[in-house]
Every structure is written in structure tokens, then in C-alpha cells.
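Here the structure is laid out as C-alpha cells; the discussion comes afterwards.
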Amino acid sequence: MRAELLAWYGDCGRTLPWRNIDNSYAIWISEIMLQQTQVKTVLPYYQRWLEQFPTVEALAAADQQTVLKAWEGLGYYARARNLHQAAQRIVAEHNGEIPKDFDTITTLPGIGKTTAGGILSSAFNLPHAILDGNVKRVLARLVALPVPPARALKDLWQLSEILLDPTNPRDFNQALMDLGATLCTRRNPQCDRCPCQAHCQAYNRNIQSELPMSETKGPLPHKQIGVAVIWNEQDQILIDRRKQEGLLGGLWEFPGGKIEPGETIEDCIAREIQEELGIEIAVGDRLCTVTHAYSHFKVTLNVHHCTHLSGEPQPIECDEVRWVTLDTIEEYPFPKANIHIINALRAYAAGQTPVDVVETAPST
DNA sequence: CATACGTGGAG
DNA sequence: TCTCCAAGTAT
């Protein structure tokens, strides 16, 4: 099966900018960006990143806000924070060289088993297996896995290791991923073009469309949030930088919080701002309403104009607070949901009517 | 072993 | 409109 797969890869493999290059730093960056993220999404970020941080030294020397700004919009921001930390460790502990040893490279933050295998095989042609989403799907079909892949990780890893071509692990791993990305897709797999068709249990039983089995998940919880755009007398707006840990760590946002049962939006906003920033505000008109879906819950941001009344803002529940103008706000990294608020603010400043931004309709 | 962690695209 | 999920890792 190796020969057929490698031959197919030679003919039909994708051309990607991080493929067949002699730059382990760039390959590392691509592997991190590609975690849970499609190639098409990564492409522009990857190009910009290498222009801005061409070497591991350049990345290590950058400040975190610059790094997060370059990552803005890609999601899973711990990846950017870990990339930055790992770069500093690679410079300090490994003379600026990406480690070639599996146990060493997996001690770096953000590099787990499959990313390590991806880097080591792609950058150095070392015989380490991978098990990403593509490979899980390909292998689940190959053996007609009767359970969801998450229930058989040990077996799938073993299979990936057994199949791996020890003489050409780089091309073999890339071929496996390309097969999953282009032919052995989640829906409508093109088995008629597949180099592994004869070996595929799912195809032989004609159950390729049913595999891999998926876990059933319930509906996402939906939270209502009150958000404040607080103006001072200099026409500045108050933003805060979220703590390093957890959701959107290190990014800036407009302050606010969860609306309690029976609480009005206005009461919620005034309470949250008092609790989190220690200041008094007057809650005014609605600016916009933004509904946004994260991976594990949905939120509706009920955004209101507010006026600063008294008190010096304190970073009680965040790492930092700052008054900014609409002209300089773009220097700060913001999560996607807040980008919508900034756009609404620009429209407001330009004299337009308030807008509702709805990405996903509220379910309740 | 289960959950937290973003965003955009496809059907 | 809504669900699923895509080059996963950390805890």
C-alpha cells in the first residue's frame, strides 16, 4: 500500500508553501497554525508571519502583543502564546535550533505527539508517525473502525506507526494527509480515485460514507453578555486586556459580563463594570448586538454606549486597562466578536445608524 | 478519560 | 438556519 500511496502522492499531492523547504522554523510555524485549522485559512497568515518573524530569533525577540496581533483572527490563541514561549526556549536552550529529538521537542509548549511527528518527519525526514484529523479518518476507513476514532486512539497510533514508510517518512506522512484532505474526505469520498481502494475495508463493505463514526454532542449553551463601550470626556474608549490563562487569553476586549437571571442589560453592565474595573458609569443607548459561536458555547453580546462618571479604572479581573481612541484601537489584538463591535463603532462615528451583527441566529 | 480552547466553511 | 468539524494540545 505504501508504494501505491507514494506514487499517487507524486502525481496528485498538493503544492504547499511549507512543503519541500529547508526551514524547520517555517515548518514548525505551519504545523502549529494548521492545528484544527484548514489549509486555506492558514495560507495568508503563514505568509505574513514569515515576513514579520522570519527567524526563531525574531519571534523570540518580539513582544507578546505583536505576536497576538499577527495571530488575530486565527483562533485558539494559546497556540500563539505557546509559539512565542517555545521560540524563547529554543533560542535560550537549543542555540536557536529546532530540536530533532522527539522527547525534547515535545517538552516545548504547543507541540504534542502529532505535531512533533509532523515536524520531525517533514523537516528532517525522521521516522515518526502522525495522527491528525485526516489520518484518523483515512485509517478509520481503512480498517472499518467500528467505534469513533477518539475511542481507539491507541490502535490508530499503532496503525499509523506500522504503516509508516521507514525509508521515506516525510512523503508518506504528507501523502496520508493529502489523501484525507483531497479524496478521503468526510463527505463524498472519491474512492474511485483512491490509491488505497483495494486495501480499504470501508470501501469493500461500501460503508465509507458511514465512517468514521462520530460522537454525539448536545447543543451548545448560549450565554447573554452585557458589554460596555465606556467613553470619557476626551472621547476615548476603555478597553481591557484579558488574563493570560483561558479563553482569548492576552487579547483585548470591551469590558462586560454575564447577565444574571432577572437582571436587565443595563443593570448587568453597571454591575460588571463596578466589579471588574471599580468605576461608576451611566449606561446609555445600545450600540449593537453581536451573536458569536465559540467551540463550546455561544454568546450574545448586548453592547451599550456608556459614560464614565467617577473612579480610576482598576485591572481587578484583567491584566491591564487602557483608554484608547478609535484611531489607535487597531494596534491591539481583539477577538473576532469584538472586531464586530469596533466596526459598529466606526459606523457610529461616521454617523450611521446602529447595526446588529448576527453571525449565528440566537437559538433562544 | 473528558473538557476547554476560535474561527470559517460546507452542506 | 444549524450542525459538523478542520494538520490538536493542555489539563
Side-chain angles (χ1 to χ4, degrees), chain A residues 14 16-19 27-46 68 71-83 85-86 105-119 121-122 129-138 148-154 156-157 160 173-182 184-188 209 212-222 242-251 253 291-299 333-340 358-364:
Chain A
R14 292 174 292 179
L16 298 170
W18 44 82
R19 196 166 271 180
I27 289 171
W28 168 44
I29 298 302
S30 75
E31 290 287 341
I32 301 299
M33 286 187 171
L34 287 161
Q35 289 171 359
Q36 299 286 281
T37 309
Q38 295 185 339
V39 167
K40 184 183 176 184
T41 304
V42 165
L43 248 17
Y45 283 91
Y46 174 79
L68 285 173
W71 200 270
E72 184 183 74
L74 248 193
Y76 286 142
Y77 296 92
R79 292 184 294 173
R81 302 194 301 272
N82 287 335
L83 215 36
Q85 287 179 22
I105 200 172
T106 48
T107 67
L108 294 172
I111 301 183
K113 196 173 179 185
T114 200
T115 299
I119 295 171
S121 64
S122 181
I130 57 172
L131 189 63
D132 60 6
N134 285 315
V135 177
K136 283 176 188 167
R137 185 171 55 257
V138 169
R151 304 283 176 188
L153 291 182
K154 193 171 181 179
L156 290 172
W157 268 110
S160 182
N173 281 341
Q174 297 297 317
L176 220 40
M177 285 192 284
D178 272 17
L179 187 66
T182 64
C184 194
T185 49
R186 185 72 184 85
R187 286 175 293 268
N188 303 319
S209 298
M213 297 180 69
S214 64
E215 309 271 12
T216 55
K217 306 170 197 172
L220 300 177
H222 192 146
R242 294 174 64 92
K243 295 178 190 172
Q244 288 288 306
E245 310 77 39
L247 186 71
L248 308 169
L251 274 69
E253 67 175 2
T291 294
H292 186 80
Y294 294 100
S295 49
H296 50 305
F297 66 96
K298 296 178 184 177
V299 290
F334 280 90
K336 183 66 175 171
N338 279 244
I339 298 291
H340 291 308
V358 178
E359 294 181 357
T360 307
S363 59
T364 53

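Keep in mind that this is a model prediction, so the values were computed, not measured. Just so it is clear: chains get the letters A, B, ... in the order the sequence lines come, proteins before strands, and each one is counted from 1.
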Length of the line joining Glu31(A):CD and dG8(C):C1', which is rounded to integer Å:
11 Å
Is there a side-chain contact between Ile105(A) and Trp28(A) in this structure, where contact means two heavy atoms from C-beta onward sitting under 4.5 Å apart?
no
Does dT9(C) have OP1 or OP2 under 4.0 Å away from a side-chain N or O of Thr115(A)?
yes
Nearest to the side chain of Leu247(A), which nucleotide is it out of dT9(C), dG6(B), dC5(C)?
dG6(B)
How is Leu153(A) classified with respect to the nucleic acid when contacts are heavy atoms under 4.0 Å: base, sugar-phosphate, or nothing?
nothing
With respect to the phosphate group of dA10(C), does any side-chain polar atom (N or O) of Tyr76(A) fall under 4.0 Å of OP1 or OP2?
no
Distance check, rounded to the nearest 0.5 Å: Tyr76(A) atom OH versus Leu247(A) atom CG?
10.5 Å
Whichever of Ser295(A) and Gly112(A) has its nearest DNA chain C nucleotide further upstream toward 5':
Ser295(A)
Using whole Å, report how far CG of Leu220(A) lies from C1' of dT3(B).
13 Å
Please classify the nucleic acid contact of Trp18(A) as base, sugar-phosphate, or nothing, using heavy-atom distances under 4.0 Å.
base
For DNA chain B, whose closest nucleotide is more 5', that of Tyr294(A) or that of Arg187(A)?
Tyr294(A)
Measuring only the P atom in each nucleotide, how far is dT3(B) from dA7(C)? A whole number of Å is fine.
23 Å
When rounded to whole Å, the CD1 to P distance for the pair Ile130(A) and dA7(C) reads 10 Å
Heavy atoms from C-beta onward define the side chain here; which of dG8(C), dG8(B), dG6(B) lies closest to that of Tyr77(A)?
dG6(B)
Heavy atom of residues 32-42 of chain A under 4.0 Å from DNA chain B: which residues?
Gln36(A), Thr37(A)
Can you find a heavy atom in the side chain of Arg19(A) that is under 4.5 Å from one in the side chain of Asp178(A)?
yes
For residues Leu68(A) and Phe334(A), determine if any side-chain heavy atom of one lies less than 4.5 Å from a side-chain heavy atom of the other.
no
Measuring to OP1 and OP2 of dT7(B), would you say a side-chain N or O of His292(A) lies under 4.0 angstrom away?
yes
Taking the side chain as C-beta and beyond, is there a heavy-atom pair between Ile29(A) and Leu83(A) under 4.5 Å?
yes
Value in whole Å for how far the C1' atom of dA4(B) lies from CZ of Phe297(A):
10 Å
Inter-nucleotide P distance (dG8(B), dT9(C)), Å rounded
22 Å
Reckon His296(A) has a side-chain N or O less than 4.0 Å from the OP1 or OP2 of dC5(B)?
yes
So what does Ser214(A) touch, heavy atoms closer than 4.0 Å: a base, only the sugar-phosphate, or nothing?
sugar-phosphate
Calculate the interatomic distance between Asn82(A) atom CG and dA4(B) atom P; express it in whole Å.
19 Å
Compare every heavy atom of Arg137(A) with every heavy atom of Thr185(A), then report the nearest pair and how far apart it is.
C-NE, 3.6 Å
Categorize Gly249(A) for me: base, sugar-phosphate, or nothing, with a 4.0 angstrom heavy-atom threshold over every strand shown.
nothing
Which is true for Gly73(A) with a 4.0 Å heavy-atom rule: it touches a base, it touches only sugar-phosphate, or it touches nothing?
sugar-phosphate
If I take atom NZ in residue Lys298(A) and atom P in nucleotide dT7(B), what distance separates them, rounded to the nearest angstrom?
15 Å
Would you indicate what Leu248(A) reaches in the nucleic acid, counting non-hydrogen atoms under 4.0 angstrom: base, sugar-phosphate, or nothing?
sugar-phosphate
Of the nucleotides dA6(C), dT9(C), dA7(C), which has the atom closest to the Asn134(A) side chain?
dA7(C)
Aromatic plane relationship, His292(A) with Tyr294(A) - under 30° parallel, 30 to 60° tilted, over 60° perpendicular
perpendicular
Side-chain donor/acceptor of Arg79(A) to base of dA7(C), under 3.5 Å:
no
Please give the distance between the C1' atoms of dA6(C) and dC1(B) as a whole number of Å.
23 Å
Is the shortest side-chain heavy-atom distance between Leu179(A) and Asn134(A) below 4.5 Å?
no
Lys136(A) atom NZ is separated from dG8(C) atom P, nearest whole Å, by 7 Å
Answer with base, sugar-phosphate or nothing: what part of the nucleic acid does Pro109(A) contact at a heavy-atom distance below 4.0 Å?
sugar-phosphate
Which is true for Arg151(A) with a 4.0 Å heavy-atom rule: it touches a base, it touches only sugar-phosphate, or it touches nothing?
sugar-phosphate
Could you check how far CD of Glu215(A) sits from P of dC4(C), rounded to whole Å?
12 Å
Identify all side-chain donor-acceptor contacts of residues 107-115 of chain A below 3.5 Å with residues at least two apart in sequence or on another chain.
residue, atom, partner, partner atom, Å
Thr107(A), OG1, Arg89(A), NH2, 3.2
Thr107(A), OG1, Thr104(A), O, 2.6
Thr114(A), OG1, Leu131(A), N, 2.8
Thr115(A), OG1, Gln35(A), NE2, 2.9

Give one of base, sugar-phosphate or nothing for Gly133(A), where a contact means two heavy atoms less than 4.0 Å apart.
sugar-phosphate
